[in-house]
Amino acid sequence: MSIVTEIKPNVQKVLSELYSYTATTSELTINTTKPEFEGDYTLVLFSFVKQLKKSPEILGQEIGEALIRNSPDMFTAFNVIKGFLNLTIADSYWHNVLQTNYSSKDFGTQKANNKKVMVEYSSPNTNKPLHLGHLRNIFLGWSIAEILYRCGYEVIKSCIVNDRGIHICKSMIAWQLFANSATPQSTNTKGDHFVGEYYVKFNDEYKRQVEELVNSGIKKEDAEKQAPIMAATQKMLLDWEAGNPEVMELWTKMNSWVYAGFDVTYKRIGADFQKMYYESNTYLLGKQFVEDGLKQGVFFKKEDGSVWIDLTADGLDEKLVLRKDGTSVYITQDLGLAQQKYDEFHYDQSIYVIADEQNYHMKVLKLILQKLGKPYADGIYHLSYGMVELPTGRMKSREGTVVDADDIVEEMVNVAKAKTEELGKVKDFTEAELKELYETIALGALKFFLLRVDPKKKMVFNPEESIDFHGFTGPFVQYTYARIKSVLRKVMDIKRAAINSGTLLKLERDLIISLEQYPSIIEQTITEHNPSVIAIYVFNLAKSFNTFYTEHSVMNAESDEKKQLRLQLCEMTANVIASGMGLLGIKVPERM
RNA sequence: GGUCCCGUAGUUCAAUGGAUAGAACGAAAGUUUCCUAAACUUUAGAUACAGGUUCGAUUCCUGUCGGGACUACCA
C-alpha cells in the first residue's frame with residue numbers, strides 16, 4: 001500500500017474523532033510537500049474549512065496533533081502554513097520501505113488478474129518503409145502492452161497489416177514498369193525500402209503524366225483520372241479482387257519483400273506480435289453486421305440500397321456502413337475485425353494504438369458496437385496519439401520530408417558510437433559488446449524521446465536537436481544506472497545487514513520517498529494509458545539519485561551503518577530504474 | 001459550415017482545482033588529489049487575450065485571436 005493511501009485513513013479517523021465528520025477518500029488531497037517547506041506529504045485543508053467552520057490554521061493544528069497522537073509510528077512532526085498541513089513521516093517508515101523492497105526486481109508490479117487485453121499497434125501499409133510516426137506508435141503500443149503484462153494482465157499484441165488496396169497496387173505497377181525484374185537481393189536493398197522506392201516512382205510518373213495531359217489541354221481533374229499509370233493501377237486492383245493469378249503472384253512476392261524488411265526493423269527495435277491480421281483476409285468481414293444491424297433497427301437502408309447508421313443523436317453524423325453496390329467500407333471491416341478478435345481471444349479490453357486523426361472513426365466504431373449490444377464494445381479503448389511533426393511542420397511523404405525509421409535508428413547508433421569513443425570509458429569492451437552498447441544507448445535515446453511526451457499531444461522532432469544524450473533523455477537515466485552498478489560491483493561480497501535505525505539525511509530521504517512512489521506511478525500509467533508518466537518519473541528518480549550520489553559517498557560513508565543503508569538505496573534505485581526503463585522497452589547497460 | 005484537440009521560458013516538454021507555475025536544451029558562471037563529469041551546483045527567463053465560477057484557475061465555463069485534425073459510397 002502506498003504512503004498516500006495509508007495516510008488517508010488516518011486523516012479520516014481523526015476527522016471523525018474530532019469533528020464527527022465523515023470524509024471520503026477522494027475528498028482528501030494529499031500531495032508531496034514542496035521542497036521549500038518542512039515535511040514529506042501535505043494535506044490540503046481548504047476543502048474542510050467551510051463544513052467544519054474553523055480556520056485552516058486551527059484545523060491544521062488540531063488535525064496535526066491528533067495524527068501524531070494516534071499514529072506516532074507514522075507521523076513525527078507537522079507544521080501548518082496557510083491552509084496546508086505539512087506532515088513529516090517517521091524515518092522508521094522509510095527504513096521499512098527500503099528494507100522490504102530494495103532487492104526486489106519486481107517492486108511495483110502485480111500478480112495475475114485473469115484479465116485479457118489485446119493491444120493492436122504498428123499496423124503499417126505494405127507499400128513503404130516505417131517512419132518516425134510508426135515508431136511513436138510502436139514504442140507506445142509495446143510499452144503499454146508490457147506495462148499491462150507486468151501488472152497481471154494476459155496480453156496479446158496484434159497488428160493489422162494494410163496489405164491490399166489501391167496504394168499497394170501503385171508500387172506493384174511501378175515495379176512492373178520500371179524495375180526490369182530487379183529485386184531487393186539483386187540491388188542489395190532492404191525489402192521495404194525497395195518497394196517504397198517504387199511507390200515513390202509511381203507518384204513521380206503519375207505527376208509527370210498528369211502534367212503532360214494538362215499541357216495538352218485537358219482539365220486537371222480529368223487528367224488525374226485519365227493518366228495511363230493510374231488507369232493501369234485501377235485495373236490491377238480489379239484484377240487483384242478477381243484473383244488474377246499473375247497479379248496475386250506479384251502481390252505476394254512484393255509483400256514478402258516488405259515483410260522481410262519490416263522483420264529486420266521490428267527485431268532491431270524490439271517490437272513483437274502474437275497475432276498478425278491481414279487486411280486481405282479481413283476486408284470482407286463485417287457484412288454480417290449489416291444484416292444484424294438492419295434487423296435490430298440500428299441501421300437503416302436508403303432508397304439506393306446503401307446502408308447507414310444515424311449517429312446524430314450522439315453528436316455525430318450519419319455514417320455509411322455498406323455501399324449501394326453492396327461492398328463494405330473501412331468501418332465495416334473494423335466491425336468485423338473487432339468481432340473476429342473477440343471470437344478468437346475473448347478479450348476484456350481491446351486497445352487500439354492509432355493516431356488521433358482517427359479519433360472520429362474510433363468513436364464511431366465503439367458506438368456502433370455498443371448500439372449493436374456487443375458484449376465487448378465497452379472494452380474497446382482507442383489509445384490516441386498525436387502526430388510527430390518536424391520543425392517545418394507535418395511530415396509529408398510526397399514532399400520527401402518523412403524521417404525514415406531505419407535511418408533515424410542508424411543515425412542514433414552513429415552518434416552513440418562517436419560519443420562513447422570520445423569519452424573512452426569502455427575501451428576494454430569487445431566488438432560485440434560495443435555494438436550492443438551502441439544499440440542500447442541509441443534505442444534508449446530514441447524510445448525515451450518519443451515516450452516522454454503525453455501520447456495525446458502532438459510532438460516536434462528536430463533531427464538536429466533531438467539527438468541529445470544529456471538532460472531529460474534515455475542515456476541520462478542509463479548512465480545513472482551504469483554508475484550505480486559500478487558501485488555495486490565493488491561490494492558484491494559484502495553482506496548487507498538490515499538497517500532499521502538512524503536518522504535519514506535529506507537527500508537519502510528524498511530518494512526513498514521517490515522510490516516509494518513507483519507502484520503508484522505504474523498504476524497512474526495504466527489508468528491514463530500514458531507511459532510518459534513512467535519516463536518522467538524515472539528521470540526524476542535518476543536526477544534525485546545523482547544529487548544524492550554527488551553529495552554523499554557510499555564507499556566512504558561516515559559509518560558502516562550509513563554505508564549499508566546507501567548500498568541498499570543504490571540497489572533499489574538500480575532495480576527501479578531497470579524496471580521502469582524496461583516498461584518503456586529500454587535496456588540499461590552495466591557500463592557505459 | 002459542423003464536431004473535436006491544442007496555444008506555458010528563446011526551443012522542446014511538465015504541473016488529480018492548491019503554496020512562490022517545474023524540468024531539459026540553449027545562454028551566463030562555477031565544481032574533479034574522492035564511488036564513471038554522458039554528472040553536479042548557481043543565475044536569468046513563460047501560462048495567447050478578455051471576462052466568469054471560488055477561499056484559490058495553467059487546469060473548469062463563455063467569448064476573441066492563432067494553429068491543427070476530422071467532417072469521402074478513400075483506407
Side-chain angles (χ1 to χ4, degrees), chain A residues 26 29-31 33-37 42 44-47 49-50 56 81-84 86 125 162 164-167 279 283 302 304-308 315-317 319-325 327-331 333-334 355-361 363 384 386-387 389 391 393-394 416 419-420 422-423 425-426 441 445 449 452-454 456-462 465-466 468-473 475-480 482-491 524 527-528 532-533 535-536 539-540 542-543 545-557 566 570 591-592:
Chain A
S26 53
T29 306
I30 293 169
N31 301 323
T33 303
K34 297 246 171 198
E36 55 267 36
F37 303 104
T42 296
V44 181
L45 300 165
F46 296 109
S47 34
V49 169
K50 231 172 216 173
I81 297 171
K82 292 199 252 175
F84 300 91
N86 301 322
N125 293 350
N162 196 311
R164 63 161 287 279
I166 192 76
H167 50 296
E279 204 190 290
Y283 82 109
K302 287 195 177 174
D304 63 4
S306 58
V307 180
W308 298 71
L316 306 176
D317 300 320
K319 186 85 186 170
L320 178 93
V321 293
L322 195 74
R323 295 193 185 100
K324 67 180 173 206
D325 64 6
T327 57
S328 58
V329 290
Y330 185 45
I331 193 86
Q333 298 173 33
D334 277 350
D356 61 8
E357 58 189 354
Q358 292 197 37
N359 283 354
Y360 181 79
H361 176 83
K363 209 188 272 185
S384 169
M387 296 285 178
E389 295 179 357
R394 210 173 152 174
K419 192 71 194 168
T420 303
E422 185 188 318
L423 292 169
K425 294 182 181 184
V426 287
I441 295 171
F449 184 86
R452 64 179 211 183
V453 180
D454 186 336
K456 289 194 294 292
K457 300 188 177 168
K458 65 180 178 190
M459 62 183 295
V460 175
F461 182 88
N462 185 325
E465 293 170 15
S466 298
D468 192 355
F469 294 172
H470 301 95
F472 188 14
T473 67
F476 172 93
V477 181
Q478 290 172 323
Y479 174 69
T480 307
R483 265 171 135 193
I484 297 173
K485 295 305 280 203
S486 173
V487 173
L488 292 177
R489 268 194 300 275
K490 298 190 163 95
V491 289
Q524 189 191 344
T527 52
E528 292 180 13
S532 78
V533 174
I536 293 166
F539 167 66
N540 284 324
K543 215 161 35 132
F545 179 86
N546 284 332
T547 305
F548 153 81
Y549 179 85
T550 307
E551 195 65 31
H552 303 296
S553 176
V554 178
M555 303 304 290
N556 301 310
R566 289 177 193 166
C570 284
R591 291 176 56 194
M592 69 184 273

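In what follows, every heavy atom counts, from backbone to side chain, and hydrogens, waters and symmetry copies are set aside. In what follows, every chain begins at residue 1, and chains take the letters A, B, ... in the order their sequences are listed.
Separation of the P atoms belonging to B/G63 and B/G26 is 43 Å when rounded to the nearest angstrom.
Summarising the geometry, the separation between CE on A/M459 and P on B/A69 is reported as 18 Å, rounded to the nearest angstrom. Counting to the nearest Å, the C1' atom of B/C4 and the NZ atom of A/K457 are 16 Å from each other. The nearest whole Å value for the distance from the NE2 atom in A/H361 to the P atom in B/A75 is 10 Å. A/F461 places its CZ atom 12 Å from the P atom of B/C13, with the value rounded to the nearest Å. Straight-line distance from the CD1 atom of A/I331 to the P atom of B/C70: 15 Å, rounded to whole Å. Between the C1' atom of B/A72 and the OH atom of A/Y360 lies a distance of 11 Å, rounded to the nearest Å. Rounding to whole angstrom units, CD1 of residue A/I166 and C1' of B/A72 are separated by 15 Å.
Using a 4.0 Å heavy-atom cutoff across all strands shown, A/K50 reaches sugar-phosphate atoms only and no base atom. Using a 4.0 Å heavy-atom cutoff across all strands shown, A/R394 reaches sugar-phosphate atoms only and no base atom. Residue contacts shown for A/S466 are absent, as no nucleic acid heavy atom lies under 4.0 Å away. Across all strands shown, A/N359 has no heavy atoms under 4.0 Å from either base or sugar-phosphate atoms. Within 4.0 Å (heavy atoms only), A/F476 reaches sugar-phosphate atoms of the nucleic acid but no base atom. Among the protein residues, A/E551 comes within range of no part of the nucleic acid, since none of its heavy atoms lies under 4.0 Å from any strand. Within the nucleic acid shown, A/V44 comes within 4.0 Å of at least one base atom, counting heavy atoms only. Base engagement by A/F469 is indicated by at least one non-hydrogen atom pair under 4.0 Å involving a base atom.
Taking the side chain of A/V554 as heavy atoms from C-beta on, and the options B/U71, B/C35, B/C73, the nearest nucleotide is B/C35. Closest to the side chain of A/Y549, out of B/U36, B/C40, B/U12, is B/U36. Considering only side-chain atoms of A/R483, the nucleotide from B/A39, B/C35, B/A19 that sits closest is B/A39. Minimum atom distance to the side chain of A/V460 is reached by B/U12, of the listed B/U12, B/C70, B/A37. For A/E357, the listed nucleotide lying nearest its side chain is B/C70; candidates were B/A75, B/U12, B/C70. The side chain of A/K543 lies closest to B/A23, out of B/U71, B/A23, B/A15. Here the side chain of A/A482 is nearest to one of B/U36, B/A75, B/A39, namely B/U36. Taking only side-chain atoms of A/Y479, from C-beta outward, the nucleotide of B/C25, B/C73, B/A37 with the closest atom is B/A37. Listed candidates were B/A23, B/C34, B/A75. Nearest to the side chain of A/Q358 is B/A75.
A/R164 forms a cation-pi arrangement with A/Y283, by the criterion of a distance under 6.0 Å to the ring centre and an angle within 45° of the ring axis.
Pair assignment for B/C60: B/G52, on the basis of Watson-Crick or G-U wobble contacts that are both within less than 3.5 Å. B/C4: Watson-Crick or G-U partner is B/G68, with both key distances under 3.5 Å. Across the strands present, B/C40 finds its partner in B/G30; the criterion is a Watson-Crick or G-U wobble pair with both atom distances under 3.5 angstrom. Using N1 to N3 plus N6-O4 or O6-N4 for Watson-Crick, or N1-O2 and O6-N3 for G-U wobble, each under 3.5 Å, B/U11 pairs with B/A24.
Summarising the local packing, NZ of A/K324 is surrounded by 12 or fewer heavy atoms from other residues, nucleotides or ligands at distances under 6.0 Å.
Both stacking criteria are satisfied for A/F46 over the base of B/G18: a centre-to-centre distance under 5.5 angstrom and an angle between ring planes under 30 degrees.
Summarising the geometry, atom CZ belonging to A/F37 is positioned 8.5 Å from atom OG1 belonging to A/T42; distances are rounded to the nearest 0.5 Å.
Under 4.0 angstrom from either OP1 or OP2 of B/U3 there lies no side-chain N or O belonging to A/K319. Remark: A/T547 is in phosphate contact with B/U41, judged by side-chain N or O atoms under 4.0 Å from OP1 or OP2.
Between A/K456 and A/D454, at least one side-chain N (NZ, or NE/NH1/NH2) sits under 4.0 Å from a carboxylate O, which counts as a salt bridge.
Judged by distance alone with a 3.5 Å cut-off, no donor-acceptor contact links the side chain of A/N31 to the base of B/A15.
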